[in-house]
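Accompanying notes for the structure given below.
Hydrogens, waters and symmetry mates are skipped; everything else that's a heavy atom, side chains included, is used. Indexing begins at 1, ligand by ligand and atom by atom, following the structure's order.
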Amino acid sequence: MPAPALELHHSIITLKGVGPAIQQRLAKLGIVLIQDCLFHLPNRYIDRTQIRHIGSVVAGEVVLIQGEITQTHMAYGKRRQLLCHISDDTGGLVLRFFHFTHRQKNQLLPGKTLRCWGKVRSGRQSLELAHPEYQMLAKDKEEALDKTLTPVYPATEGISQFKLRALSTQALHVLRDDARGLPELVPQHILKKYTFSTLAESLCYVHRPPVDADTDALLQGRHKAQKRLAFEELLAHQLSLRSLRANIKQKQAHAIASGRPPAIEQFIAGLNFTLTQAQARVIDEVVTDMSKEKPMLRLLQGDVGCGKTVIAALAALYVIHAGYKVALMAPTEILCDQHFTTISQWFAALAIPVVLLKAKQTEGQRQHTLNRLTSPQPLLAIGTHALFQEHVSITQLALVIIDEQHRFGVHQRLTLMEKGSTGNHYPHQLVMTATPIPRTLAMTLFAELDISVIDALPPGRVPINTTVLSNRKRADIIQRVDNICRAGRQVYWVCASIENSEAVDLEPAEEIAALLTDSLPARRIALVHGRMKSSEKEQIMQAFKLGEIDLLVATTVIEVGVDVANANLMVIENAERLGLSQLHQLRGRVGRGAYESHCVLLYKAPLSNMAKARLSTLRDTHDGFLIAEKDLQLRGPGELSGSRQTGLPVLKIADFARDAEQLPLACDSADDMLKNTPETANKLIKRWLNYHHDFVTV
Ligand code: ADP
Ligand code: MG
C-alpha cells in the first residue's frame, strides 16, 4: 500500500531524516509543520558559480578563488597553524588552518592548484581565508563550477545546512502535490497591480533559484521574488497592527479628568528646572488622550536625554490623582532603580507612594509590594517585566508606561495590556523610546500607535564633542582618561559585547579592563558586563553613580538610560561594529552635566567606506532623528541584525532598510484588504504572525 500523501500542515517529523531529536532542534527555528520549512527562507546564497580574481577580493567577502600554491609553512603562535600561500595572475593571499591533519599538510605543496571557498579577512601581512573549504585540482583539467546559487539557511546548533537543504527539498515536493495547502492570500488584483508572482512560485524560486536567475539581485536580497515575499510579510504586519489598534480602541478605559489639580502645579513648581515647550506639548497630548473613555495608545519618541522621565511622572500623577494605579515598566533593574530613586524624590513632597518590584528582593519586601498592588490605594509601581508575571496582579490599573520600548516585543506589550485589563476595560498605554525614527516611517511601523515627539533638548546642554580614532591611538586616550579622572570627573569605556561567535576579533571587555588597570594603577576601575548577575551589575553601577569608581569598563549593558552627570568622557571600542542609533544612545550617557563632554569612537583599521561614512555621521550630527535616518540609509544589504538596535520591529524576512519601497505598497494593500476582504486579511496575519494570533482578530 502506498504511503499516504503528505500535506503541508503535517508535522515536520513526517519528513525523511527527522526524528524526535531533530524535531526539537527545528522547533527552535520555528519549524514545526512542513509548511514552516517553506517560510524558513535562505538568508544568503553561496555563489560558487564563478571564480573571482584574487586581486579583486576584499575583506568581508565570501568568495570562490582558484590559484597555485607558492609556499606552505607552519607558524607557532598561541596555537600551531598551517599557512599556505596561493596566487593567481592578479594577486595572492594566505590560507590559514588551525586544525589540520598530517595528510593535509603533506598534500598542500607548492605547485599544486587549489580551488578554495571562504570568507576573506585582513591578516597581519595580507588578506587571508581562515579555514577555507578547498578542493585540489588536477593539472590542466577543467573542473566544472556549480550552475546555480546554493541557498544558505539560518541554522541552529545540531542542524546542518545539508539537513536544511534536504528538508526544504522535501517540503517543496509536498508543496507541489498539496498546492491547496498553501492558498494564495494576496488578492489577484493586488498581485497584478505590482506584477508579483504567486506565493508558491516565489517560494520555489528563492529556495531553488534557477540557472538563469539574476544572481546579483538574489545575493543582495533584491530579487523580485524576494521582494514579493517581503511585501507579503510587511502586509501581514500592517494588517495585524491596524486590526490590533481597531480592537483595542473598541475597549473601554477609565477617563482621567484633564483639569490641572493643585498637585500637578505643586509638582511642576517643585522641579529644579522648567519644562520645555516640547515637554509641555507632549503632556497636553497625553492628558487629552487619557481624558477619553478609549484606551490611549501613544508612542513618545524623544532623543536620549530630552527628558522623558518627567513626562512619565506627570502622566502618572494625573492618573493617581484620579484614584487609579500606574505601572511603569523598564527593561533593566538598573533603570528601574534609577526611576524609583528619581520619581520617589519627586513624589515624596506630594505623599504619593511609589513601589518597586524586582527580581532581587527579600520575600518579605516582595510580599509587601504585592499586597500594595492589590490594595485600594492609588500608587505608582515600577518594575521590570517581573511586574507582569502571572502571579502578580494589579487592581485598578489605569495607565501602563513602557520605557525604552525597543527592548520589548509587540508580543510582550500585548500580554501586558491583557494583564492590565479587567473585563472590557483596558489601561491607557504610553510607550517611550529614545530611538527616534523619521515620523512618516514611524507612522507606518507603529501603525497601532499615535505619536508624540519631544524634538528639543533642555536648554543649556553643551554638545558632546565626538572624535573618531584608530585604536592604535589607545595609549593617548588612556593618558586623557588619567587627566580627566585627576580632575575629579568620571569615564565610561565601552566594549562591544560579543554576541556572535564569529566575531572573535572584538576586543573583549576583560582584556581592556586588564590593560587599563595596568596602565592606570592610581585609578579606581571596575568592569560590568552582561554575563554578571544583576545584583553585581547594580552594585557597580551604584558605586559609579556615587563616584566611588573613576573608570567604568562596560559592555553595551549601559546603553539604556543610566544617568551619571559627573561622567564626561566616553570611549567606545570597535565603534565600527555598532549600529549608529546604538552609538548615539551610548554617547547620550555623557553630556548630562554642565561640563563639556567628549566621546571617542575607536575603530579597528582598516575601515570600509561605509563604516567611514557611518562614523563621520555620528561625529558631525547630534540629532537623533537624522542619525536614525542615516542608520537606515547606510546599512549595507545583509546587515539584517541591526533592526533590534534601531528600535524597529523585528520581522522574519523583510528588512526595513532594504525593503523600504515595499512599505507604501503594503499600507495601501492593507487598507484595501481590511475594507474588501477582512476574512482573508485575518488568514494572512495568522500565516505570518501566528505567535500572537490570539490577540489579533479583524
Ligand atoms: P531621557 O529622555 O533620555 O529618559 P531623562 O528623563 O533621563 O532623559 O532626562 C535627562 C536629564 O535631563 C535628567 O537629569 C532630567 O532631570 C533633566 N531634565 C529633564 N527635563 C528638563 C528640562 N526641561 N530642563 C532641564 N533639565 C531637564
Ligand atoms: Mg530615559
Would you mind running through ligand 1 and noting each atom that sits below 4.0 Å from a heavy atom of [X]?
X      : value
Thr276 : 23 (N)
Val304 : 3 (O)
Thr309 : 4 (O), 5 (P), 6 (O), 7 (O)

Distance-only polar pair, side chains of Glu285 and Thr288, donor-acceptor under 3.5 Å:
no
Indicate whether the side chain of Thr467 and that of Arg619 have a donor and an acceptor atom separated by less than 3.5 Å.
no
Winner among [options] once heavy atoms are compared against [atom]:
atom                    : options                        : value
atom 8 (O) of ligand 1  : Ala434, Ala456, Gly307         : Gly307
atom 2 (O) of ligand 1  : Met432, His339, Gln279, Lys308 : Lys308
atom 23 (N) of ligand 1 : Ile311, Thr274, Asn272         : Thr274

List the atom of Ile627, the atom of Thr621, and the distance in Å for their closest heavy-atom pair.
CD1-O, 3.6 Å
Among Leu449, Val282, Asp289, exactly one meets side-chain contact (heavy atoms from CB on, under 4.5 Å) together with Arg298. Which residue is that?
Asp289
Measure up the Trp346 and Phe273 rings against each other and bin them: parallel (under 30°), tilted (30 to 60°), perpendicular (over 60°).
perpendicular
Looking only at atom types and distance, does a side-chain atom of Arg281 sit under 3.5 Å from a main-chain N or O of Ser452, one as donor and one as acceptor?
no
Heteroatom distance test (Gly305, ligand 1): nitrogen or oxygen, under 3.5 angstrom:
yes
